[in-house]
Amino acid sequence: MGYDNITTSCFNMKHTIESAQPLTFHSDYDAANGILTYPKEDRIVTVRHSGDHEKGSLRVDRRDRKEVAGRFRLSDNMDKVYAYIETDAFMKGATARYPGMRLTLNDPWETTLCFILSQFNNVKRIRATTKSIINRFGPKIYSDGVLVGRGFPSTEVLQKRKVSDFVACGAGYRARYIKAAAEYCTENLDLESLRGKSYEDTKEELLTIPGVGSKVADCIALMGYGKLEAFPIDTWVKRTMERVYFGGRTKKEEAIRELAFEKWGRMAGYAQQYLFWHGRQQG
DNA sequence: ACCCAGGCGGGCG
DNA sequence: CGCCCGCATGGG
């Protein structure tokens, strides 16, 4: 069994894992030892991070090298990203506080399910519910004949379950959205077919999924398809934008979106992740 | 007890 | 259209 070491620069595993992205909800992270595990198709991926955010390395099974490099967007040049988005003091403060926090790139259905669950919910419970769905309905994963975990359940599998099955997982009123979205993505919309489309076209298609509105569609576009111009506006982003850039005045979502596009353009997604996480910690 | 959570869909004016 | 409200449930 061979391992690869992937060298990293400007990569902080802790901030990246913990910042309410799909990995926050379905991976296991041992922060003290820098060990991350998560399911990917028929394997449990294990990543050992050493070093710091400036210079470090990731030790992975050779078979997972591409998956891990893609998942953490290691080919993004963060110096360029920061140069692009640090257009004001607040954003400079945010990037200085969480240097090396990356956006992640995840499977579209996995992302869709996580963010349907995220609506009007808190991080802890989103995680508990996601884990419960995986543990009950995910395909078993074996290594050398030993059960080592479960994978992310497909739309086909979840579409066959009852709404009450998702209630039992703690999904609350979102249970019917999960059922409907799984049905819809099995019968009417192949999420794989959206790859390669523009941000605008991707979002338009995603909005036809039951339980997916503007914010969740932007999260899927950003973290499921890598559309970096997507700018999800949730309660924290709205609150922080109003406080920092609009003198505390209440603004409509469209006005906030316009300013974000002016300030951060094609890197708005990265700006949003820093704005969200920094703003959230500040209260 | 009370408020809030990475919002959405439906109904009303 | 735009606005407003209910929504399941657990954590702080």
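Below, chains carry the letters A, B, ... as their sequence lines are ordered, and counting in each starts from 1.
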Dot-bracket for DNA chain B, 5' to 3', Watson-Crick and G-U pairs with both distances under 3.5 Å, [ ] for crossing pairs, | for partner on another strand, reads .||||.|||||||
Lys/Arg N to Asp/Glu carboxylate O, [X] vs [Y], below 4.0 Å:
X      : Y      : value
A/K179 : A/E183 : yes
A/R73  : A/D76  : yes
A/D28  : A/K131 : yes
A/R71  : A/E110 : yes
A/D64  : A/K40  : no

For the pair A/F90 and A/H278, name the ring-plane relationship: parallel under 30°, tilted 30 to 60°, perpendicular over 60°. tilted
What's the verdict on side-chain hydrogen bond (donor to acceptor under 3.5 Å, both in side chains) for A/Y142 and A/D42, showing C-alpha distance, side-chain angles and the deciding distance? CA-CA 8 Å; A/Y142 296 91; A/D42 61 345; over 6 Å; no
On DNA chain B, more 5' by nearest nucleotide between A/D234 and A/V212 is A/D234
Between A/L207 and A/M223, whichever has its closest DNA chain B nucleotide further toward 5' is A/M223
Distance check needed: [N] [atom2] versus [X] [atom1], whole Å only.
X      : N     : atom1 : atom2 : result
A/K238 : B/dC8 : NZ    : P     : 14 Å
A/W236 : B/dG7 : CH2   : P     : 10 Å
A/I233 : B/dC8 : CD1   : P     : 11 Å
A/F231 : B/dG7 : CZ    : P     : 14 Å
A/K203 : B/dG7 : NZ    : P     : 14 Å
A/F276 : B/dG7 : CZ    : P     : 8 Å
A/I178 : B/dG9 : CD1   : P     : 14 Å
A/E253 : C/dC3 : CD    : P     : 12 Å

Any side-chain N or O of A/R239 below 4.0 angstrom from OP1/OP2 of B/dA5? yes
Tell me whether the side-chain N/O atoms of A/S118 come closer than 4.0 Å to OP1 or OP2 in B/dA5. no
At 4.0 Å (heavy atoms only), tell me whether A/Q273 reaches a base, stays on the sugar-phosphate, or touches nothing. base
With a 4.0 Å cut-off on heavy atoms, is A/T129 in touch with a base, just the backbone sugar-phosphate, or nothing at all? nothing
Out of B/dG7, B/dG9, B/dA5, which nucleotide sits closest to the side chain of A/K215? B/dG7
In B/S/- notation (B base, S sugar-phosphate only, - none; protein heavy atoms under 4.0 Å), nucleotides 7-12 of chain C written 5' to 3' is BBBB-S
Using the ring of A/Y84 (Phe, Tyr or Trp, six-membered ring only), decide whether A/R266 places NZ or CZ under 6.0 Å from its centre and within 45 degrees of its axis. yes
Write down the distance separating the P atoms in B/dC8 and C/dG10, rounded off to the nearest Å. 22 Å
Please lay out, stage by stage, how A/Q273 and A/S19 fare under the test side-chain hydrogen bond (donor to acceptor under 3.5 Å, both in side chains). CA-CA 8 Å; A/Q273 186 63 21; A/S19 56; 3.1 Å; yes
side-chain hydrogen bond (donor to acceptor under 3.5 Å, both in side chains) between A/T37 and A/T46: does it pass, once the steps are laid out? CA-CA 5 Å; A/T37 57; A/T46 301; 5.8 Å; no
